[in-house]
Amino acid sequence: MEDLSKLIFEVLGLRERVMVFLDFGTGLRRGELSGLKWEDVDFERGQLQPKRSIVRQHIGPTKTEASRKPIPLDEHLLGDLRDWRSQTPYTQDGDFIFASPKMDGKQPYWLESIIKRHIKPAAKKYGINLRGWHTLRHTYSTLLRAGGSDPKVVQELLRHASLKVTMDTYTQALSAGSGRLTVA
C-alpha cells in the first residue's frame with residue numbers, strides 16, 4: 001500500500017496519477033477505464049457509471065450487465081478528476097476522460113502505451129514493482145478483503161456477476177507480516 005500511495009501521490013504526473021488512482025480506487029477493468037467519458041462521472045453524487053469498454057481500440061459494451069452498476073468515488077479522486085478536467089482540452093460531457101490529442105480527442109489514449117512508456121518507468125525508478133493495469137484491480141480486491149470487507153461487498157464493488165469469481169480469482173493473500181503484495 002505504501003508503494004502504491006507513493007506512486008500515486010508523489011511520483012506520477014496528473015494524467016497518469018488520475019489513471020492509476022481511478023483504476024486502483026474503483027477496481028475498473030482496463031477497457032472500462034479507457035472507455036470513460038465525462039458524462040459517466042456524477043460529481044454531485046460522487047459516483048461513476050461505466051457505460052462502454054474499449055478493447056483493442058474497439059468501442060463496445062461493458063463486459064457484463066453488472067459492470068454498468070454505479071461505482072462510489074472518493075472525494076480525493078473526485079478532486080483529481082476535476083483537476084484533470086481543468087487541464088485537458090477535452091472537457092465536454094461526450095469527450096473521453098483520457099482523450100488523445102494525437103487522435104484529435106476522437107479516441108482515448110492507448111493505455112498499454114501509457115503504462116509502458118510512463119507509469120512503469122516512473123514506478124521502477126522508485127523501486128515499485130507494477131506489472132500492469134490488471135494488477136491494480138487485483139490489488140483493490142485483495143486490500144478490500146484484507147481490510148475486513150464482506151465478500152459480497154467486494155463482489156459488488158468489482159461488479160462481478162458471481163461471488164466465486166471474486167473470491168477464487170481476484171482476492172490474493174497478503175504475505176504475513178510484510179504488508180507487501182505481489183500479484184501476477
message: Go through it in stages, so that I can follow the logic: the residues are D23 and L111, the test is side-chain contact (heavy atoms from CB on, under 4.5 Å), and I'd like the CA-CA distance, side-chain angles, deciding distance and then a yes or no.
response: CA-CA 11 Å; D23 198 46; L111 294 184; over 6 Å; no
message: Under 4.5 Å side-chain heavy-atom separation, chaining through any Ile, Leu, Val, Met, Phe, Trp or Tyr, what else clusters with F96? Say none if it is isolated.
response: I54, I59
- line: CD1 of I8 to CG of L22, rounded to nearest 0.5 Å, is 10.5 Å
query: In Å, rounded to the nearest 0.5 Å, how long is the span from CG of D95 to CH2 of W38?
result: 9.5 Å
query: To the nearest 0.5 Å, how far apart are CD in E2 and CD1 in I128?
result: 10.5 Å
- request: Start with the C-alpha distance between L77 and L48, add both sets of side-chain angles, then the distance that settles side-chain contact (heavy atoms from CB on, under 4.5 Å), and finish with yes or no.
  value: CA-CA 11 Å; L77 185 47; L48 170 73; over 6 Å; no
message: Test of understanding: with salt bridge (charged side-chain N to carboxylate O under 4.0 Å, His left out), list the residues that count as partners of K51, not counting sequence neighbours.
response: D40
Could you tabulate the donor-acceptor pairs under 3.5 Å formed by side-chain atoms of residues 79-88, not counting sequence neighbours?
from: D80; atom 1: OD1; to: R17; atom 2: NH2; distance (Å): 3.3
from: D80; atom 1: OD2; to: R17; atom 2: NE; distance (Å): 3.1
from: W84; atom 1: NE1; to: I97; atom 2: O; distance (Å): 2.7
from: R85; atom 1: NE; to: T91; atom 2: O; distance (Å): 3.0
from: R85; atom 1: NH2; to: T91; atom 2: O; distance (Å): 2.6
from: R85; atom 1: NH2; to: D93; atom 2: OD1; distance (Å): 2.9
from: S86; atom 1: OG; to: D83; atom 2: O; distance (Å): 2.7
from: T88; atom 1: OG1; to: Y90; atom 2: N; distance (Å): 3.4

- prompt: Between E32 and K63, is there a side-chain N and carboxylate O pair less than 4.0 Å apart?
  reply: no
message: Could you report the tightest heavy-atom contact between F21 and H76, atom names first, then the distance?
response: CE2-C, 4.0 Å
field: Contacts of F43 that satisfy ring pair (Phe, Tyr, Trp, His ring centres under 6.0 Å) - sequence neighbours left out
entry: none
message: Count I, L, V, M, F, W, Y as connected when their side-chain heavy atoms are under 4.5 Å apart, and connections chain through other members. Are L12 and Y126 then in the same cluster?
response: yes
query: Is a side-chain donor or acceptor of Q49 paired with a backbone partner of R68 at a separation under 3.5 angstrom?
result: yes
query: Closest heavy-atom contact between A123 and L130?
result: CB-CB, 4.4 Å
Please set out all donor-acceptor pairs under 3.5 angstrom arising from side-chain atoms of residues 98-109, sequence neighbours excluded.
from: S100; atom 1: OG; to: K102; atom 2: N; distance (Å): 3.3
from: Y109; atom 1: OH; to: R15; atom 2: NH1; distance (Å): 3.2

- prompt: Do you know which two heavy atoms are closest between P50 and L36, and how far apart they sit?
  reply: CA-CD2, 4.4 Å
task: Kindly compute the distance separating CG (D42) from CG (L73), expressed to the nearest 0.5 Å.
output: 9.0 Å
- request: Supply the atom-to-atom distance L78 CG to E44 CD, rounded to the nearest 0.5 angstrom.
  value: 11.5 Å
task: State which residues pass side-chain hydrogen bond (donor to acceptor under 3.5 Å, both in side chains) with Q47; sequence neighbours excluded, sorted by chain then number.
output: none
query: Can you tell me how far the NZ atom of K120 sits from the CD1 atom of I114, to the nearest 0.5 Å?
result: 13.5 Å
